[in-house]
Amino acid sequence: MAVSLSTTAPVAGSQVLAYGAARGDLVVPNDDLVGPIDSSDEWIRQRTGIVTRTRASAEVGVKDLSLAAAREAIETSGIDLETLDAIIVSTITFPYATPSLATLLAGELGRPDVIAYDISAACAGFAYGIGQADALIRSGSARNVLVIGAEKLSDFVSPTDRSISFLLGDGAGAAVVGPSDTPRIGPTVWGSAGDNWNTIRMTGSSLDFRDGKIGWPTLEQDGRTVFRWAVWHTAQKVREMLERSGLTVEDVDVFVPHQANMRIIDELAKQLKLPEDVVIGRDIADTGNTSAASIPLATHRLLAEGAARSGDVLVQFGFGAGLAYAGQVLILP
Ligand SMILES: CC(C)(COP(=O)(O)OP(=O)(O)OC[C@H]1O[C@@H](n2cnc3c(N)ncnc32)[C@H](O)[C@@H]1OP(=O)(O)O)[C@@H](O)C(=O)NCCC(=O)NCCS
């Protein structure tokens, strides 16, 4: 006889309840980096829009940045910590392949019993995490979920690598996601372009680490390929997100793409024909590219500065190593 199993009762929707943010404590201007890469302040400003980036002191780790962002998000959300069921961390810079940063944070936050795991989706990681949190909540598998994007990229930068060293900053952004009577997070549009898997990589990623030849890894990329991929594919994915959420570009209040390069951000706004009054995240100018942290950091800042408001319709989209990409429309808390 076929056996039918009981399962969890689904929930109508999910919503972001609150954000938290932590940036590196050091402000690093372009001039501090240009010597070893034979570059200039002018080149970096023109090609990327970056003026300064935040980096963390030697004694501040990716765990510390994560904890600060997480604590702010939890406190602002007002949830009872006992109702936090899951912690999802996106990071490529926790210096242990295992155990996960999420389990470490679970202990530090006083909830060592929750679902906790890291995901490796690089600059798409925060939006991957929001997609997973939404699915966990709507399936009834978790009540509140903490999603963190956290990177101490400066630990994995070679000062002489002119493909990427000038882009990267350190920081963490967090969001508490909880249930909602109506959906306030739209369908996640996500995927990968695995034919480009090695476009952004840690050195040695194409070697087998068992041969013992790989030292401390640093990041490198084929920036032009990433640039082209982003401006070629993102607008279509964003239109798909809007359509699947039942919205049009006229409904968008705030646009926060991954903070990879100001020229990519401007090009996307143009391609999408965003109305003039749409607020655009441009945190990259003085935070740099913080990979998984970049979207929540930019969003947190717009809310803190009053440029974005509770109830605004936000479109977020991340892309990066893999090439993994993900995004969704959500209503700001
Ligand atoms: C990295 C990036 C800023 C490089 O800018 P670009 O306009 O594509 O630059 P190019 O590689 O085409 O090089 C253009 C010229 O600048 C030079 N150049 C490259 N890097 C340089 C640097 N760091 N400083 C000064 N000059 C540089 C090149 O040698 C080339 O010179 P040439 O015209 O005399 O041959 C840009 O490709 C980018 O931001 N890509 C996306 C990165 C991204 O999103 N990464 C994902 C997250 S990590």
Side-chain angles (χ1 to χ4, degrees), residues 28-55 90-93 120-128 149-171 173 192-193 196-203 205 217-235 237 256-269 271 281-285 287-298 316-327:
V28 181
N30 293 335
D31 279 336
D32 284 13
L33 305 178
V34 295
I37 54 171
D38 185 22
S39 191
S40 66
D41 175 47
E42 192 193 1
W43 189 93
I44 296 173
R45 284 180 194 233
Q46 278 181 0
R47 296 284 175 144
T48 71
I50 299 173
V51 180
T52 57
R53 74 282 295 132
T54 55
R55 289 188 173 172
S90 176
T91 184
I92 56 167
T93 51
S120 176
C123 310
F126 181 75
Y128 259 75
E151 304 293 2
K152 191 177 182 193
L153 290 159
S154 61
D155 276 350
F156 294 86
V157 165
S158 162
T160 58
D161 186 308
R162 78 195 305 242
S163 76
I164 203 164
S165 75
F166 54 95
L167 289 176
L168 304 176
D170 300 335
S192 56
N196 276 311
W197 89 277
N198 215 17
T199 305
I200 308 165
R201 59 200 169 263
M202 285 197 176
T203 47
S205 58
T218 56
L219 284 157
E220 57 189 21
Q221 67 167 348
D222 177 356
R224 247 183 278 190
T225 305
V226 182
F227 196 104
R228 277 200 302 265
W229 188 93
V231 299
W232 190 257
H233 295 279
T234 302
K237 301 290 174 201
V256 179
H258 172 45
Q259 304 289 293
N261 184 316
M262 199 70 89
R263 283 158 56 215
I264 297 178
I265 297 171
D266 291 340
E267 177 62 23
L268 296 179
Q271 286 183 18
R282 298 183 185 282
D283 190 43
I284 186 172
T287 301
N289 176 346
T290 54
S291 190
S294 89
I295 290 176
L297 282 178
Q316 61 181 21
F317 188 81
F319 56 88
L323 294 172
Y325 66 84

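Residues: numbered from 1 along the sequence shown. As the structure lists them, so they are numbered: ligands from 1, and atoms in each ligand from 1.
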Checklist entry - Are Arg228 and Asp222 ion-paired here, with the side-chain N under 4.0 Å from a carboxylate O? => result no

Checklist entry - Any idea which protein heavy atom is nearest atom 45 (N) of ligand 1, and the distance to it? => result Gln221 OE1, 2.8 Å

Checklist entry - Under a 4.0 Å heavy-atom limit, does Cys123 contact ligand 1 with its side chain, its backbone, both, or neither? => result side chain

Next on the checklist: Side chains of Phe227 and Arg263, heavy atoms from C-beta outward: is any pair under 4.5 Å?
Outcome noted: yes

Item to check | Among Ile50, Ile200, Leu167, closest by any non-hydrogen atom to atom 46 (C) of ligand 1 | outcome: Ile200

Checklist entry - Under 4.5 Å between any side-chain heavy atoms of Leu168 and Arg53, yes or no? => result no

Item to check | Gly320 near ligand 1 by a heavy-atom separation under 4.0 Å | outcome: no

Next on the checklist: Give me the residue, atom name and distance of the protein heavy atom closest to atom 27 (C) of ligand 1.
Outcome noted: Trp43 CZ2, 3.2 Å

Next on the checklist: When you compare the side chain of Arg45 with that of Val51, does any pair of heavy atoms fall below 4.5 Å?
Outcome noted: yes

Next on the checklist: Going by a strict under-4.0 Å cutoff (protein heavy atoms only), does atom 35 (O) of ligand 1 have a neighbour on the protein?
Outcome noted: no

Item to check | Asn261 neighbourhood, listing ligand 1 atoms whose heavy-atom distance to it stays under 4.0 Å | outcome: 3 (C), 36 (C), 38 (C), 39 (O)

Next on the checklist: Closer than 3.5 angstrom, by distance alone: can the side chain of Asp170 be matched with the main-chain N or O of Ser154 as a donor-acceptor pair?
Outcome noted: yes

Next on the checklist: Heavy atoms only: which of Asn30, Thr48, Ile44, Leu219 lies closest to atom 3 (C) of ligand 1?
Outcome noted: Thr48

Checklist entry - Below 4.5 Å, heavy atoms only, C-beta onward: do Leu297 and Gln259 meet side chain to side chain? => result no

Next on the checklist: Starting from atom 48 (S) of ligand 1, what is the nearest protein heavy atom, named by residue and atom, and what distance separates them?
Outcome noted: Asn289 ND2, 3.6 Å

Item to check | Spatial distance of atom CH2 (Trp232) from atom OG1 (Thr225) [nearest 0.5 Å] | outcome: 14.5 Å

Checklist entry - Who's the nearest protein heavy-atom neighbour of atom 23 (N) of ligand 1, and how far? => result Arg162 O, 3.1 Å

Checklist entry - Can you tell me the protein heavy atom closest to atom 44 (O) of ligand 1 and the distance? => result Ala260 CB, 3.1 Å

Item to check | Flag side-chain contact, heavy atom, 4.5 Å: Tyr325 against His233 | outcome: no

Next on the checklist: Among all protein heavy atoms in this structure, tell me which lies nearest to atom 25 (C) of ligand 1, with the distance rounded to 0.1 Å.
Outcome noted: Ser39 OG, 3.2 Å

Next on the checklist: Quiz question for you: does at least one protein heavy atom lie closer than 4.0 Å to atom 40 (N) of ligand 1?
Outcome noted: yes

Checklist entry - Does the protein put a heavy atom under 4.0 Å from atom 30 (C) of ligand 1? => result no

Checklist entry - Which heavy atom in Val157 sits nearest to a heavy atom in Thr218, and how many Å separate them? => result C-CG2, 3.9 Å

Item to check | CG-CD distance between Asp266 and Gln271, expressed to the nearest 0.5 angstrom | outcome: 11.5 Å

Checklist entry - What's the shortest distance from atom 14 (C) of ligand 1 to any protein heavy atom, and which residue and atom give it? => result Arg47 NH1, 3.5 Å

Checklist outcome for this item: Per-atom filter on ligand 1: closer than 4.0 angstrom to a heavy atom of Val226 are 43 (C), 44 (O), 45 (N), 46 (C)

Checklist entry - Near Gly223, which atoms of ligand 1 are under 4.0 Å from a heavy atom of that residue? => result 37 (O), 40 (N), 41 (C)

Checklist outcome for this item: When distances are taken from atom 11 (O) of ligand 1, the protein heavy atom at minimum range is Arg224 NE, 3.4 Å

Checklist entry - So do the side chains of Phe319 and Ile264 get within less than 4.5 Å of each other, counting heavy atoms only? => result yes

